[in-house]
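Bear in mind that the values here come from a model prediction, so they are computed numbers and not experimental data. Residue indices begin at 1 and follow the sequence shown.
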Amino acid sequence: MGCPGGRQGPYGGQGSAGKALAEIVLWQLEWGSKVEGLIDAHEKAGQAVPDYLVPPPAPPGSDDLLSAFWALSGDRQVSMGAGPVPFASIDAYARRFGYRGDAFDDLVSGIKAMDRAFIEFHEPDEDGKPKKRQAVSSRPMTPSLFKALFG
């Protein structure tokens, strides 16, 4: 769903803000729950923190959109895979929190941009197997890194 007159909101479509929001969601899915421990392990081992452990920059004013996405993400249908966040859920969220006009259009397009990334992340590869993810580190697991990670 686009904005009136066919224009895209600042967080939707293929625009740079929509792409930035999608990259944040992908980073959070890939690294969010483990990044603190990985950074600590690299620092304890005296190693530089790899760039991929630093989250991508968020577009100005996108915190509310990211919060809305994660709040609504639990409303998706799951069967053979993760389905999209239902429009009815986005609409109810918008009504509850007073999103109207352009703000509503930006909410919808932002959620849809992040949702595409979420669904793609969870889709299996062509063989039905889970997709291979980026390696946690290009460095081999050394005894000192293992000890820093697991004590």
Side-chain angles (χ1 to χ4, degrees), residues 1-44 47-139 141 145 149:
M1 171 165 189
C3 296
R7 73 172 180 82
Q8 282 289 333
Y11 299 107
Q14 299 299 315
S16 61
K19 183 178 178 185
L21 288 168
E23 288 174 2
I24 291 167
V25 167
L26 290 173
W27 185 90
Q28 289 176 338
L29 289 167
E30 187 77 34
W31 302 109
S33 64
K34 47 195 165 189
V35 72
E36 193 172 308
L38 291 169
I39 288 173
D40 287 346
H42 280 282
E43 289 174 346
K44 286 179 184 175
Q47 301 172 344
V49 175
D51 290 341
Y52 60 81
L53 293 179
V54 178
S62 63
D63 290 345
D64 289 342
L65 286 174
L66 287 159
S67 294
F69 173 73
W70 291 114
L72 293 168
S73 194
D75 288 358
R76 69 180 74 249
Q77 297 291 315
V78 179
S79 59
M80 297 299 284
V85 172
F87 178 80
S89 296
I90 300 169
D91 188 49
Y93 186 95
R95 281 185 276 116
R96 162 85 53 165
F97 294 103
Y99 286 83
R100 291 182 180 79
D102 286 347
F104 174 77
D105 294 331
D106 292 345
L107 176 71
V108 171
S109 58
I111 297 293
K112 288 185 177 284
M114 292 181 278
D115 209 25
R116 284 189 297 274
F118 183 94
I119 291 168
E120 181 181 310
F121 180 87
H122 288 93
E123 283 180 348
D125 67 12
E126 302 83 42
D127 299 327
K129 298 176 184 172
K131 289 181 182 174
K132 292 187 179 182
R133 304 288 178 216
Q134 181 176 350
V136 172
S137 178
S138 61
R139 297 180 179 165
M141 178 64 77
L145 183 57
L149 279 169

So do the side chains of V85 and M114 get within less than 4.5 Å of each other, counting heavy atoms only?
no

Contact between F69 and L21 at the side-chain level, heavy atoms closer than 4.5 Å - yes or no?
no

Closest non-hydrogen atom pair between A68 and I111, with its separation:
C-CD1, 3.9 Å

Could you tell me which residues satisfy side-chain hydrogen bond (donor to acceptor under 3.5 Å, both in side chains) with S73, sequence neighbours excluded, listed by chain and number?
R76

Atom CD in E30, atom CG in L53: separation rounded to 0.5 Å?
10.5 Å

Measure the OH-CG distance between Y93 and L72 for me, rounded to the nearest 0.5 Å.
6.5 Å

With rounding to the nearest 0.5 Å, note down the distance linking CH2 in W70 to CZ in F118.
6.0 Å

Atom pair CG (D115) and OG (S109), whose distance is rounded to the nearest 0.5 Å
12.5 Å

Out of L38, V54, I39, which one pairs with W31 under the side chain to side chain contact (heavy atoms under 4.5 Å, CB included) rule?
L38

By salt bridge (charged side-chain N to carboxylate O under 4.0 Å, His left out) - contacts of D91 (at least two apart)
R95

Working for side-chain contact (heavy atoms from CB on, under 4.5 Å), residues V35 and W27
CA-CA 10 Å; V35 72; W27 185 90; 3.8 Å; yes

Between R116 and K112, is any pair of side-chain heavy atoms under 4.5 Å apart?
yes

Considering non-hydrogen atoms only, spot the tightest contact between I24 and P59 and give its length.
CD1-CD, 4.0 Å

Write down the atom of F104, the atom of Y99, and the distance for their closest heavy-atom approach.
CB-O, 3.8 Å

